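Side chains included, hydrogens not; waters and symmetry mates left out as well; all remaining heavy atoms used. Model, not experiment: these values are computed from the prediction.
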Amino acid sequence: TLKGVMGARSKPIEKVPVAEVPAPAVQTLGYEPLPERAPGRRLDGEPAEQATEVARLLHEEARVL
């Protein structure tokens with residue numbers, strides 16, 4: 001709410017030295033980069049033609065319709 005935003009502006013910000021921040025409870029063991037995604041498509045034509053093509057692609061390729 002607006003009252004909460006205005007009240008937060010006047011509250012002091014507590015500063016904590018980095019050395020005093022507790023260690024995280026989660027340990028990162030490793031990570032793998034995400035696989036590359038296929039590039040997107042650009043549809044040409046009038047908006048009505050584009051809508052028809054999107055519907056066809058959703059039905060035939062994505063199988064969501």
Side-chain angles (χ1 to χ4, degrees):
T1 64
L2 182 58
K3 181 179 178 184
V5 171
M6 297 305 287
R9 291 179 65 190
S10 63
K11 291 191 177 191
I13 297 175
E14 180 184 350
K15 295 180 181 180
V16 179
V18 174
E20 294 180 16
V21 176
V26 178
Q27 181 181 9
T28 303
L29 300 176
Y31 70 95
E32 294 180 17
L34 294 173
E36 297 261 344
R37 290 180 15 171
R41 289 190 193 173
R42 185 165 213 131
L43 301 177
D44 296 324
E46 295 296 317
E49 296 168 347
Q50 292 173 350
T52 303
E53 181 66 9
V54 167
R56 184 190 69 75
L57 291 170
L58 288 172
H59 178 72
E60 294 177 4
E61 292 186 17
R63 300 182 196 275
V64 295
L65 294 179

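- Counting only residues at least two apart or in different chains, side-chain hydrogen bond (donor to acceptor under 3.5 Å, both in side chains) contacts with residues 23-33 are absent.
- Listed by chain and number, the hydrophobic cluster partners of V5 come to none, as no ILVMFWY side chain reaches under 4.5 Å of it.
- Identified under the salt bridge (charged side-chain N to carboxylate O under 4.0 Å, His left out) test for residues 12-21, with sequence neighbours left out: none.
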Sequence neighbours excluded and cut-off under 3.5 Å, please list the side-chain donor-acceptor pairs for residues 49-58, or say none.
| unit_1 | atom_1 | unit_2 | atom_2 | d |
| --- | --- | --- | --- | --- |
| E49 | OE1 | E46 | N | 3.0 |
| Q50 | NE2 | L43 | O | 3.1 |
| Q50 | NE2 | G45 | O | 3.2 |
| T52 | OG1 | A48 | O | 2.9 |
| E53 | OE1 | R56 | NE | 3.2 |
| E53 | OE2 | R56 | NH2 | 2.7 |
| R56 | NH1 | E60 | OE1 | 2.7 |

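- Partners of R37 by salt bridge (charged side-chain N to carboxylate O under 4.0 Å, His left out), not counting sequence neighbours: none found.
- Side-chain contacts under 4.5 Å among hydrophobic residues (ILVMFWY), followed directly or transitively, place M6 together with L2.
- Taking R41 as the reference, E61 meet the side-chain hydrogen bond (donor to acceptor under 3.5 Å, both in side chains) condition, with sequence neighbours excluded.
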